[in-house]
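Just so it is clear: chains get the letters A, B, ... in the order the sequence lines come, proteins before strands, and each one is counted from 1.
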Number of protein chains: 2
Amino acid sequence: MSDTAEPSSPVSRSGPQGPTPGRRRRDAAATRQAILDAAVAAFTRYGYDGVGVRDIAQSAGVTAMLINRYFGSKEQLFAEAVDVAFAPRTVIAGSGAQLADKTARALVARTAPEAEELGPFLLMLRSAASPRAAQIMREAIGRHAGRHLNEELSGTAAGVRAELMLSLQAGVWLMRSVLGTTALTQEQPEELAQWIESLFQVLVTPPTAASPRPEPGAGSGP
Amino acid sequence: MSDTAEPSSPVSRSGPQGPTPGRRRRDAAATRQAILDAAVAAFTRYGYDGVGVRDIAQSAGVTAMLINRYFGSKEQLFAEAVDVAFAPRTVIAGSGAQLADKTARALVARTAPEAEELGPFLLMLRSAASPRAAQIMREAIGRHAGRHLNEELSGTAAGVRAELMLSLQAGVWLMRSVLGTTALTQEQPEELAQWIESLFQVLVTPPTAASPRPEPGAGSGP
DNA sequence: CATGTAAGTATACGAGTGTAGACATCGGGC
DNA sequence: GCCCGATGTCTACACTCGTATACTTACATG
């Protein structure tokens, strides 16, 4: 979690009360943003069902009821938080010939055990249990990540290749960051990145007609 | 959850009228098993935090307190359910040269939108938010799936390759079954299976020394 | 058939949830 | 300087959760 309060506001209130030092002046926009930032962090760390509005409110330095005032409900706050998590951050790195390479290395770096990263995949995984949250995230993926990756992977079955690339990334996030399985956490980052890169390469530069297994019926197209 | 059974209407059946599967004779082992089965189904569908012990108990036709009597706590029930979900079901299909092929096809079939499958990956994804559940699942993976797949993929970096294979499967489950993203749900199953198979192939028959990208340092050779 | 005991139920409690309504307080415009 | 609306808080409510205690019922055995 980054700074949620205005750094320009000094400790104007010398009173003993005040949950967070450096109290924010009465500023609706800043308060709303502080709540949203806290929500992204909390939902990413603990999932939709894992945090209460009181937790988020306390992180933002306000009371729980302000969430309902500014966002209507916890669900609507989550929807906005998902949009924030998916929109600015990139789910792919590099482009063209470097796409597989850069994306693999970024993935390994961000899922390192010591990283403590907040990323859209973590938010996705930790909130996958709630059906309503799942629907909100599906729409966000279609709107942001999927579209972006789709353009990069133009060509045959670009949509499938893009979503398979997202799938592998999500799976690595799950196994490495969330569950912390042994092999993925203990392997040398560089070697792990090479394995993942070679997988991405299959999707980025797909086997055209000369498929390794010429199956019938499924002409991989033009 | 939704289906409502009235446990308080015993209907006073006296004879050995057994056609209704609801009423079980007093049998500790059978009751315990019924609870466990219901737990696997419920945890898989709704995740660790998504079900209450009352839901599970009602599915099993008992009251919630029997769960504590037989399993000690909800957490211990979950641990046993995870063992059930991971142990008997296979996370890989086929072996040797057919491993990539069979596993990919099985994955596509089991994640089909109409499948309504219960599988370990679904349990994994839907319960990933809870840290305690995550630890329980990590141990189960190391005990069951990881070990099994490790033997099959003997060779260089078998552990990493095995867990990457699990990662991709988990990711596909997430995107296709849980989130239901468009491309993966609408693609022809056969073509999707071929894409996934070509990814598995990289892990099953890894590029030896003749790697497509000869990076320094990481000698993939045995 | 009476009975001890395992099998199962009923009730309750304390903590936690999201949220509604009433109340308090700051700050800018007349 | 005063006041009214915006901004934020307090209390409360109805609900669900996991689980501990006390109770009831059915079964096997004498």
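- Contact record, B/L123 with B/A85: CD2-CB, 3.5 Å, taken as the closest heavy-atom pair.
- Phosphate contact (OP1/OP2 of D/dC10, side-chain N/O of A/T63, threshold under 4.0 Å): absent.
- Nucleotide C/dG8 holds its P atom 12 Å from the CZ atom of B/F71, rounded to whole Å.
- Atom-to-atom, CG of B/L77 to C1' of D/dC17 comes out at 15 Å; the value is rounded to the nearest Å.
- For the pair A/M165 and A/F200, the minimum side-chain heavy-atom distance is below 4.5 Å.
- Atom CG of A/L66 is separated from atom C1' of D/dA6 by 11 Å (rounded to the nearest Å).
- Residue B/Y70 is classed as a sugar-phosphate contact, given heavy-atom separations below 4.0 Å to backbone atoms only.
- Distance, B/Q58 CD to D/dG18 P: 14 Å, rounded to whole Å.
- The shortest heavy-atom contact between B/L118 and B/R110 is O-NH2, 4.1 Å.
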Any protein N or O atoms within reach of nucleotides 2-4 of chain C? Criterion: under 3.5 Å, listing atom names and distances.
none

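- Looking at every heavy atom in both residues, A/S167 comes nearest to B/M175 through OG-CG, 3.1 Å.
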Can you name the atoms? Protein N/O to nucleotides 15-19 of chain C N/O, anything below 3.5 Å, with the distance.
residue : atom : partner : partner atom : Å
C/dG18  : OP1  : A/K74   : NZ           : 2.8
C/dG18  : OP2  : A/V53   : N            : 2.8
C/dG18  : N7   : A/R54   : NH1          : 2.9
C/dG18  : O6   : A/R54   : NH2          : 3.1
C/dT19  : OP2  : A/K74   : N            : 3.0
C/dT19  : O4   : A/R54   : NH2          : 3.0

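- No side-chain heavy atom of A/T181 sits less than 4.5 Å from a side-chain heavy atom of A/T185.
- Atom pair A/D49:CG and D/dT16:P shows a separation of 15 Å (rounding to whole Å applied).
- Remark: side-chain polar atoms of A/R161 are paired, donor with acceptor, to backbone N or O of A/L153 under 3.5 angstrom.
- Counting distance only, with no hydrogens placed and no angle test, the side-chain atoms of B/R26 and the base atoms of C/dG8 include no donor-acceptor pair under 3.5 Å.
- The shortest heavy-atom contact between B/I196 and B/A104 is CG2-CB, 3.9 Å.
- In the model, B/Q76 has no side-chain atom that pairs as donor or acceptor with a side-chain atom of B/E80 under 3.5 Å.
- Rounded to whole Å, the distance from CZ on A/R32 to C1' on D/dA6 is 16 Å.
- In terms of modelled atom types and a separation under 3.5 Å, the side chain of B/R126 and the main chain of B/R45 share a donor-acceptor contact.
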